[in-house]
Each structure stands twice: as C-alpha cells, then as structure tokens.
Number of protein chains: 2
Amino acid sequence: MRFKTKGMEPLTTEQKIIKAASKLFTQKGYAATKTREIAEEADINLALLNYYFGSKERLYKEVVKDKLWMLLEVMIPILSDEKVSLEEKVMTIAENYTQLLLEHEELPIFILNEWTVNEDLFVDITRDARLFAKPVIEKQLKENGMKVSVPDFIANLLSLIMFSFVAKPLIVSSGLVEEGEFANFVNRRKGKIWEWMTKINQ
Amino acid sequence: MRFKTKGMEPLTTEQKIIKAASKLFTQKGYAATKTREIAEEADINLALLNYYFGSKERLYKEVVKDKLWMLLEVMIPILSDEKVSLEEKVMTIAENYTQLLLEHEELPIFILNEWTVNEDLFVDITRDARLFAKPVIEKQLKENGMKVSVPDFIANLLSLIMFSFVAKPLIVSSGLVEEGEFANFVNRRKGKIWEWMTKINQ
DNA sequence: CCAAGGGTTAAACAAATGATTAAATCATTT
DNA sequence: AAATGATTTAATCATTTGTTTAACCCTTGG
C-alpha cells in the first residue's frame, strides 16, 4: 500500500492528496477539515479529490487506516512473537513508540479521539486485529515471576510510554515540563520503563 | 457559575442550552456539532442560542471551561495541600478520578483532543492554572525516600489512572478487557496505584 | 389598563461546503 | 497524425450552516 520512493521522483497526484489529507485530518479532525483546504494543501484541483477518492469520507478512511496501522504495527507483531523475551519486548516497544510519537506527536490523540467519536468507522478496520498475543504474554509473565494480569501488564506498559504524548498539552502548560525539554523528558522515561515494569509486577 | 438545583424546578433556557451543548460537543467535537442540533437537543428555538450566548464559539468556550475545570479540580487542590500526605494524595486522586471518569468517560479524550486541535483557546483558560504544587510534592517525595522527579511522579500517577479511559476503545476492541468488565478493571487498578507508585519509586 | 421590555418564534440571508459536470489537455498507442 | 483513454480544469449545483431580522407573545410596573 505504501510506496517509499528513494529518489527525487515527484509524488503522484494520489500521493499528494493523501499526504495533504493526512496532515490536515490529524491536525484538525474530520469535520473541521474542508475538502478545499486539502486540495489547496496538495496543490491540486478540488475535483481531483473526488476523482481519485470518490468522497471526503473515503479519503478520510484511507488516512485513518494508515495512521491506525502506524500505531499498531509497533506493538502487535512484537507482543505475539514467542522468540522475543519479555524484556526485549518492553524495551523495543518503548524505544519504537517514543521515536514514532516524537515524530508524530498528534498520532495517538488523533486515533483515540476518532475512535471515540466515530466508533463505527473502526469496527471493520479492527475486525481482524484482536489481540492474539494474550497466551504468549501470559506464559512469559509467569516465567518472569510476575503476578500481574495480562490486561494490567499491557495497560501499564502503554500508559507509561504513551500517556505523556497524549497529555502533552496538560504537562507542558502546567509548567511540569518545558516545551523544549519534552523530548528529553520522554527519552529519559523510555530508559526506565523496563525497570518500572519489573518493580510494579514484583 | 454552577447552580445545582435540589428539587424539580425545570431548567432555565440557558441551562438547557448548556446541557445540550455540553453533551454534543463532548460527544462529537466542535466542528461536527451543528447549532441546529444543539437547539433540537435542548428543545429550544435556534435563535435563542445566539440570544443567550452570542455565537456557537462563545457557547463552546463555556463548555470547555466547565469540562476542563471538572478535570483539574480533582487534582490541583489536593496536590498542593501540604497537610495531605503523599499516600492520601495518591489514594484520593485515584479514587476521585476513577469515579469521575466512569461517569464521564468522554471527558479526558475530549479535553486532550481539543487542547491539541485548538490550542489557542486554552491559553487564556489555563493562564493562571500553573502547577504551584511542585515544591510540596518535592518535599514529600524526599520524606518518603522516593528518588523520582516531580514530573515523572505526576506523569506516572496520571498515566496509571487515566490512560485506561483515554485508550478504552483500543483496550476493549482488542479483546483485552470486555466492555462489561471495564468498570471492574479500572476499579481494581485504582486499588493498586499506591502500591505501584511506591514500588516504581523505590 | 396599557406600554415597555425581556423572552421566544418562524423566516430569511449570505457564506461555506461537498459534490458533479462537461469541456480541455496530456500521454500513449495505433 | 489520428485515436484513445487518463488526467486536469473551471464553472456550477444543491445543501448545509451560523447568524440575523422582525414580528409576536406574555408578564409587569406605572
């Protein structure tokens, strides 16, 4: 679905539209983004948007699918891989999420908000994305002498990594962390996640 | 600002509008909510909305101020009170937030999303809400032999309490926790927060 | 009693918005 | 170069949307 062009080839019209729509939808949400804005941002004619994607809604679904996948692919394959130890899992996910979210700060709040506001849209997208990792994690938790449940383990892991990004406006405007220090803040936290996870779970 | 009427007196027109707007804005966001919907939900004539509030935006700001305050008043006064021990603080905040968010699940994601999407709006609202609690917490962390920084302490506390609500759609649709079990899930977590916080911070 | 004024209403307005159309242009094949 | 299909464009359409207007109630104070 994704074509990463190594060189300088100009984007196709379709790619330009997706890129512009991606930026605007994640910045301002579905309803606040106007098709004319997308066209302008993509530097194409309004009619092209409907020519390629049929409607604003279909374009939106493409973007959501894309962004949701960015968020899930960091987690799903690693969690369910039996050959990866629990420590490696936590370290890798912490590392990958921190890096991803520093580059796309608006990603988690966009997805979580849209998922709340527009639940039906996600029904078909996530139909086959159930968490098949449960038994694997369960086994590894026992091996590590951790007495916590799988849901608590996952919730704690994601909380400690992702919440800072979701609550960034609150954290920054409260003066808790300076805007310019935010990257350092989350990078420092990233290095402590495994320690915290082991302590929490004994 | 808030009038809690004990009895059966019918809501004033102004109250009916705020109530309807509150519901719709938090459910669907600013742009997706139409003034005609608010009027219909409030069972009043459309023109009354502008008669009482001047514009959709002014009405929206009222709602945001209200909801933001609901979210902050649970935390701010308790955190900065020197007479409340650290354990009491954590326990009380965990208790109060869990209860508040079970009753208003849409609250945190609404505020955090609007804060991201519509940052300028929050500038004046939060101008005087800086976190004056820092020195108090710092002292209490030392007294409890905790080596963590204040920002990490607050981030961990809020993460462990609030993230489940923010990420509820993800947690539920992944099959991690059943919809019907969600309240039990967060209530069980609530009871462990203080234990977790002490372990994390040694 | 009635005029004044706040509260309420239906109707209308202008701008915006998502979508469509039909014609023009471009690139590729015959 | 003619033909064909894909791409691009400007113009237009039909609704929607936030706001305003002007008339109409209904209570109340002089």
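Since the structure is predicted, the reported quantities are computational estimates derived from the model, not experimental observations. Proteins come first, then strands; the chains are lettered A, B, ... in the order of their sequence lines, and each starts at number 1.
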| query | How close or far is atom C1' of D:dC13 from atom CZ of A:Arg36, stated in whole angstroms? | reply | 11 Å
| said: Does B:Thr12 reach a base, just sugar-phosphate, or nothing at all? Heavy atoms under 4.0 Å. | reply: nothing
| query | Where the side chain of B:Gln140 meets the backbone of B:Ile137, is there a donor-acceptor pair that is under 3.5 Å apart? | reply | no
| said: Partner lookup for D:dA10, please. Criteria are Watson-Crick or G-U wobble with both distances under 3.5 angstrom; report none if nothing qualifies. | reply: C:dT21
| said: Under a 3.5 Å cut-off for both contacts, is C:dT29 paired Watson-Crick or G-U wobble with anything, and if yes, with which nucleotide? | reply: D:dA2
| CG of B:Leu49 versus C1' of D:dG18: gap in Å, rounded? | 10 Å
| message | Output the rounded distance in Å from CD1 (A:Ile38) to C1' (C:dA16). | response | 15 Å
| said: Please tell me if A:Thr35 has a side-chain N or O lying less than 4.0 Å from either OP1 or OP2 of C:dT17. | reply: no
| request: Would you check if there is a donor-acceptor pair between the side chains of A:Glu88 and A:Ser85 at a distance under 3.5 Å? | output: yes
| Going by the side chain to side chain donor-acceptor pair (under 3.5 Å) test, which pairs reach into residues 45-60 of chain B, not counting sequence neighbours? | B:Tyr60-B:Glu114
| query | Where is the tightest heavy-atom contact between B:Val74 and B:Met70, given as atom of each residue plus distance? | reply | CG2-O, 3.6 Å
| message | Measure NZ/B:Lys16 against C1'/C:dT8 and give the value in whole Å, please. | response | 11 Å
| Can you tell me if the side-chain N/O atoms of A:Asn50 get under 4.0 Å from OP1 or OP2 in C:dT20? | no
| task | For A:Glu37 and for A:Gly54, locate the closest nucleotide of DNA chain C by heavy-atom distance; then report the residue assigned to the nucleotide nearer the 5' terminus. | result | A:Glu37
| request: Could you tell me which residues satisfy salt bridge (charged side-chain N to carboxylate O under 4.0 Å, His left out) with A:Glu179, sequence neighbours excluded, listed by chain and number? | output: A:Lys168
Which protein N or O atoms sit under 3.5 Å from an N or O of nucleotides 5-9 of chain D?
unit_1	atom_1	unit_2	atom_2	d
D:dT7	OP2	A:Tyr51	OH	3.4
D:dT8	OP1	A:Thr13	OG1	3.3
D:dT8	OP2	A:Thr13	OG1	3.0
D:dT8	OP2	A:Tyr52	OH	3.2

| query | Are the side chain of A:Asp152 and the backbone N or O of A:Val148 linked by a donor-acceptor pair below 3.5 Å? | reply | no
| remark: Rounded to whole Å, the NZ-C1' distance (A:Lys34 to C:dA15) equals 12 Å
| request: Can you establish whether the number of heavy atoms outside A:Met146 located under 6.0 Å from its atom CE is more than 12? | output: yes
| query | Between A:Lys56 (NZ) and D:dT16 (C1'), how many Å, whole number? | reply | 12 Å
